[in-house]
Amino acid sequence: MRPPYGGEAWLATRHAHIRAILADPRFTRFPPEGCDEARLTRTVIRDPVAGRDRDEHTRIRRFLAHVLSFNAVRLRRLRENVRAHAEAQAGQVLRQGPGTDLCDAYAEPVSLLSCYDVFGISIARQETFARWFEGFADPGMDAAEIADRREEVLRHLRGEVEARRRAPRDDVLTHVAGAIDAAVLGEDLLYEILLELILVCDNVSIEFMGVLYLVLADAATTAAVRRDPGVLPRVVEECLRLVPFPSEVPFARHAAEDVVVGGTPVRAGDQVLLAYASGNRDAEVFADPDVIRLDRPAVPHLSFGHGPAHCLGAPLVRVIMRVALGVLLERIPAIGLAVPPERIAWRSDLLLRRPESLPVTW
């Protein structure tokens, strides 16, 4: 197939094939010389983590595993912070009354505030970050404009990292400051990683919008959570499967040598794009793939990747989704969509699919 930009690529759509490619070291993020990388955006987006040789990739993953680790103390603090933000925003929804847009009043602020607590970012600079998020996700934006927005964020981050040198905290920015001083990784690389991590904050908020839509559009699921909040982990996993984290087809993989995938020969130098959303709805793996089933056997979905490409921020995402969804249904038990699900409009101009709004009533 030929994507909107770049050269031709294979498209992997089956669950088993995507897992196999993610785990196979013969598929790399290094494009061969002269390759016009298959992509959805006008400009080529470089992945600062996956686009490295194996040794450097291992060092980066080791650093990120340390930065994003959640021991018992950190995990408790994370849950407490998410609950506090969720309680505050649920109160705001109640004050605004029926018709409130749950995207603006709940999903985005709860997700961003919870992530920013971990990273050490001030919500006061959200407008700066929002411009960068929009530039990254807009497939047609001019490369110079994207670069300007990126530099604006970098200037702010450099100032914050310098502030952490003077006054350390238990947050990601402090870890980055320490890693720069200790030369754990190159300074430019660390800032590239930091930019990538901050993009995750926006991804989490968009993911949570999709989760809220799925739950509120499904009366049986909402009723199940109200009856027994203990089903929340299963509900969230099903929603993550149906609204995968990389909802677009992300970075291409390149075959370093001839490989056979599912009986199809992939030649050295060929590009492969991975359709996570399709793999997560593979009927050979997930019975009734298009619906939430709380009795579904435990089969790993692909929303956090697999193997060496598994997302290290998965625990953060799961805590935010479980706690924030639980608080919303506790505080507003009768909440539901104010319009039929099919009337919800979705943004189609960005790489990350999201509802334009989620008006609710109770």
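- Of the possible polar contacts, none joining the Tyr116 side chain to the Cys201 backbone as a donor-acceptor pair under 3.5 Å is found.
- You'll find the side chain of Leu157 reaches within 4.5 Å of the side chain of Leu195, heavy atoms only.
- Pairing each heavy atom of Leu11 with each of Ala275, the nearest pair is CD1-CB, 4.1 Å.
- The shortest distance between side-chain heavy atoms of Trp362 and Pro98 falls below 4.5 Å.
- For the atom pair CG of Leu102 and CD1 of Ile332, the computed distance is 7.5 Å after rounding to the nearest 0.5 Å.
- For the pair Leu199 and Asp202, the minimum side-chain heavy-atom distance is 4.5 Å or more.
- A salt bridge links Glu160 and Arg164; the closest N-O separation between the charged side-chain nitrogens and carboxylate oxygens is under 4.0 Å.
- No path of Ile, Leu, Val, Met, Phe, Trp and Tyr side chains, each step under 4.5 Å between heavy atoms, connects Val291 with Val285, placing them in separate hydrophobic clusters.
- The NE2 atom of His306 sits 11.5 Å away from the CG atom of Leu274 when rounded to the nearest 0.5 Å.
- A salt bridge between Glu80 and Arg83 is absent, with no side-chain N of the basic residue lying under 4.0 Å from a carboxylate O of the acidic one.
- In this structure, the side chain of Arg19 does not engage the main chain of Leu302 through any donor-acceptor pair within 3.5 Å.
- In this structure, Asp101 and Leu358 have side chains that are in contact, with non-hydrogen atoms separated by less than 4.5 Å.
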Could you go through the side chain to side chain contact (heavy atoms under 4.5 Å, CB included) check for His175 and His66 one step at a time?
CA-CA 9 Å; His175 283 292; His66 171 66; 3.5 Å; yes
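- No donor-acceptor pair closer than 3.5 Å links the side chain of Glu356 to the backbone N or O of Ile344.
- Residues Val327 and Val317 share a hydrophobic cluster, clusters being chains of Ile/Leu/Val/Met/Phe/Trp/Tyr side chains in contact below 4.5 Å.
- Here the side chains of Val161 and Tyr191 are in contact, with some heavy-atom distance below 4.5 Å.
- Under a 3.5 Å cut-off, the side chain of Arg29 and the backbone N or O of Ala252 do form a donor-acceptor pair.
- No donor-acceptor pair closer than 3.5 Å links the side chain of His85 to the backbone N or O of Leu112.
- Distance check: Glu238 CD to Leu294 CG gives 7.0 Å after rounding to the nearest 0.5 Å.
- In this structure, Asp188 places its CG atom where only 12 or fewer heavy-atom neighbours from other residues, nucleotides or ligands lie under 6.0 Å away.
- In this structure, Tyr213 and Pro341 have side chains that are in contact, with non-hydrogen atoms separated by less than 4.5 Å.
- Side-chain contact between Cys115 and Leu316: present, with at least one pair of heavy atoms (C-beta onward) separated by less than 4.5 Å.
- By the 6.0 Å contact criterion, CD on Glu33 is open, its count of non-hydrogen atoms from other residues, nucleotides or ligands being 12 or less.
- Comment: Arg149 engages Glu145 in a salt bridge, judged by a side-chain N to carboxylate O separation of less than 4.0 angstrom.
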Go through it in stages, so that I can follow the logic: the residues are Arg267 and Val259, the test is side chain to side chain contact (heavy atoms under 4.5 Å, CB included), and I'd like the CA-CA distance, side-chain angles, deciding distance and then a yes or no.
CA-CA 6 Å; Arg267 303 302 180 193; Val259 187; over 6 Å; no
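- Between the side chains of Ser114 and Asp117, no donor-acceptor pair is found at a separation under 3.5 Å.
- Both Val211 and Ile320 are assigned to one and the same hydrophobic cluster, defined by single-linkage of ILVMFWY side chains at heavy-atom distances under 4.5 Å.
- Interatomic distance, Thr13 OG1 to Asp282 CG, rounded to the nearest 0.5 Å: 7.5 Å.
- In this structure, a donor-acceptor pair under 3.5 Å is present between the side chains of His301 and Glu237.
- Summarising the geometry of Gly230 relative to Pro233, their closest heavy-atom pair is O-CD, 3.4 Å, with the distance given to 0.1 Å.
- Ionic pairing of Glu87 and Arg331 is present here: one or more N-O contacts between side-chain nitrogen and carboxylate oxygen are shorter than 4.0 angstrom.
- Taking CG of Leu190 as the start and CG of Leu194 as the end, the distance is 8.5 Å to the nearest 0.5 Å.
- The two residues Tyr106 and Ala324 make their nearest non-hydrogen contact at OH-O, 2.6 Å.
- Hydrophobic clustering (ILVMFWY, side-chain heavy atoms < 4.5 Å, transitive): Leu75 and Val67 are in one cluster.
- A pairwise comparison of heavy atoms in Arg74 and Leu68 identifies NH1-C, 4.4 Å as the closest pair.
- Proximity of Arg318 to Met321: side-chain heavy atoms (C-beta onward) are nowhere separated by under 4.5 Å.
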Is there a side chain to side chain contact (heavy atoms under 4.5 Å, CB included) between Phe27 and Val261 once you walk through the steps?
CA-CA 11 Å; Phe27 287 99; Val261 179; 3.8 Å; yes
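- Among all heavy-atom pairs drawn from Val93 and Ala105, the shortest one is CG2-CB, 3.9 Å.
- Of all the heavy atoms in Ala38 and Leu273, the pair that sits closest is O-CD2, 4.0 Å.
- Geometrically, Arg296 does not engage Phe286 in a cation-pi contact defined by less than 6.0 Å to the ring centre and at most 45° from the axis.
- Remark: side-chain polar atoms of Arg281 are paired, donor with acceptor, to backbone N or O of Leu242 under 3.5 angstrom.
- With hydrophobic clusters built from ILVMFWY side chains whose heavy atoms lie under 4.5 angstrom apart, Leu78 shares a cluster with Phe208.
- Under 4.0 Å is where a charged nitrogen must lie from a carboxylate oxygen, and between Arg253 and Asp24 no such pair does.
- Remark: Thr222 OG1 to Leu328 CG distance equals 9.5 Å, nearest 0.5 Å.
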